[in-house]
Amino acid sequence: MFSKNGARTYVVANITDAALTVTFSDGKVVAAPAGRTVATGATSFSGGNATGGGINPTSPTVSPTTSPTPTSSPTTTPPTGGNPVRYLQTGGVLADAAGSAGTATVAKASGSNDNQPHSPTTFTATGLNLTYRAGAATAFGIAVDAGTSVGNATQVRVSYDLTGDGTFDRVETFRYFATDPVTGWERYTEAAGQVTTTGTFGNLTNGTVKVEIWSAIGSAASTVSLGALSTVTLPYQ
């Protein structure tokens, strides 16, 4: 039903081969002949010649036909690892699905390791074919816990090898995240900000992305949650 300046027009499209009578919620009744579209009220109209089945049609039976054999078939290679949202997973995998929950240990610092990876826990995704989204940035949300240890801080570096040739074309190191001395997951995100950045983004063609997590400071190891609680969102599509 369409209303303009308080005047109503009722429209029914009957694509079946049987007449229909439609009752609108305000009580208006409109009859629509088989295969016709009708309008009544402020505007009147009747037209169309649909040739659909009955009101409760059954699936049609289609006879197979023989198609000519093409002289050549196009070959396409689907992207591998096409999900820009990656999950920290067991075995050092930066996976495209959350998988099973688990934990990984981040070794304690050896003095001050601010901005300098020390015995990092590493997660890697390879064979990525993704298009860079201009202006987009790396995002992450990683669940970390230092238990009751005082003075611990976890740090993250994300590196992009655009062509998988072993050279990282873009490297982003984020400011460390100081954990509290209370047992329980805390969320370390990209909101900490980047402290150093080198290189530029580009499309990933059989590319590699590496995420390193280490203890920038602290005399005790920390724990990282694996699976759904720890994600890295790449600035790609």
Query raised in the report: So which heavy atom on L234 is nearest to which on R133, and how close?
Result: O-NH2, 4.2 Å

Report task. Quick one: closest heavy-atom pair of A32 and V12, and the distance? Result -> CB-CG1, 3.7 Å

Report summary line: To the nearest 0.5 Å, atom CZ of R86 lies from atom OG1 of T124 at 11.0 Å

Requested in this report: Give me the other members of the hydrophobic cluster that V171 sits in, counting Ile, Leu, Val, Met, Phe, Trp and Tyr linked by side-chain heavy atoms under 4.5 Å, directly or via other members.
Outcome: F168

Report task. Answer yes if V158 and V224 sit in the same cluster of Ile, Leu, Val, Met, Phe, Trp and Tyr residues linked by side chain heavy atoms under 4.5 Å apart, and no otherwise. Result -> yes

Requested in this report: Check for a donor-acceptor pair, side chain of T173 on one end and backbone N or O of V195 on the other, with a separation under 3.5 Å.
Outcome: no

Report task. Kindly say whether Y132 contributes a backbone atom to a donor-acceptor pair with the side chain of N203 at under 3.5 angstrom? Result -> yes

Report summary line: For Y160, the side chain to side chain donor-acceptor pair (under 3.5 Å) test, sequence neighbours excluded, returns T138

Report task. Would you kindly confirm whether F201 and L94 end up in one hydrophobic cluster when ILVMFWY residues are joined by side chain heavy atoms under 4.5 Å apart? Result -> yes

Query - Which atom of A178 lies closest to which atom of E186, heavy atoms considered - result: O-OE1, 4.4 Å

Query - Main-chain N/O of V156 paired to Y188 side chain as donor or acceptor, under 3.5 Å - result: yes

Query - Minimum heavy-atom distance R36-S46, with the two atoms named - result: NH2-OG, 3.5 Å

Query raised in the report: How close do A107 and S215 get, heavy atom to heavy atom, and via which atoms?
Result: O-OG, 2.7 Å

Query raised in the report: Pairs in or reaching into residues 97-118: which pass side chain to side chain donor-acceptor pair (under 3.5 Å), with residues at least two apart or in two chains?
Result: S110-N113, S110-H118, D114-Q155, N115-Q155

Query raised in the report: Under a single-linkage definition using a 4.5 Å side-chain heavy-atom cutoff for Ile, Leu, Val, Met, Phe, Trp and Tyr, are V38 and M1 assigned to the same hydrophobic cluster?
Result: yes

Query raised in the report: Just by distance, do the side chain of N5 and the backbone of A7 share a donor-acceptor pair under 3.5 Å?
Result: no

Requested in this report: Decide whether V211 and Y176 are clustered together by the hydrophobic rule: side chain heavy atoms of Ile, Leu, Val, Met, Phe, Trp, Tyr closer than 4.5 Å, transitively.
Outcome: no

Query - Y236 (side chain) donor-acceptor with V85 (main chain) under 3.5 angstrom - result: no

Requested in this report: Evaluate the criterion side-chain contact (heavy atoms from CB on, under 4.5 Å) for residue pair T205 and N129; output intermediate values, then yes/no.
Outcome: CA-CA 5 Å; T205 305; N129 295 296; 4.1 Å; yes

Query - Where V150 and P181 come nearest, the two heavy atoms and their spacing - result: CG2-CB, 3.9 Å

Query raised in the report: Who are the salt bridge (Lys or Arg N to Asp or Glu O under 4.0 Å) partners of R187, not counting sequence neighbours?
Result: none

**Report entry** Flag, side chain of E190 to backbone of F140, donor-acceptor distance under 3.5 Å
**Finding:** yes

Requested in this report: Without swapping roles, check the side chain of N152 against the backbone of A146 for a donor-acceptor pair under 3.5 Å.
Outcome: no

Query raised in the report: Say you draw a straight line from CG of N206 to CG of L128; how long is it, rounded to the nearest 0.5 Å?
Result: 8.5 Å

Report summary line: d(T9 OG1, K28 NZ) to nearest 0.5 Å is 10.0 Å

Query - S230 side chain vs A143 backbone, donor-acceptor pair below 3.5 Å - result: yes

Query raised in the report: Quick one: OG1 on T196 to CZ on F174, what's the gap to the nearest 0.5 Å?
Result: 9.5 Å

Report task. Examine distances only and state if a side-chain atom of D145 and a backbone atom of T223 form a donor-acceptor pair shorter than 3.5 Å. Result -> no

Query - Check against side-chain contact (heavy atoms from CB on, under 4.5 Å), V209 and V232 - result: CA-CA 10 Å; V209 176; V232 178; 5.8 Å; no

Report summary line: So CD1 of I142 and CG of L229: to nearest 0.5 Å the spacing works out to 11.5 Å

Query raised in the report: According to the ring pair (Phe, Tyr, Trp, His ring centres under 6.0 Å) rule, which pairs have a member within residues 12-36, sequence neighbours left out?
Result: Y10-F24

Query - Pairs satisfying salt bridge (Lys or Arg N to Asp or Glu O under 4.0 Å), at least one member in residues 151-175, at least two apart - result: R170-E172

Query - Gap separating the CH2 atom of W214 from the OG1 atom of T121, nearest 0.5 angstrom - result: 11.0 Å

Query raised in the report: Using the benzene-type ring in the case of Trp, are the ring centres of Y87 and F123 under 6.0 Å apart?
Result: no

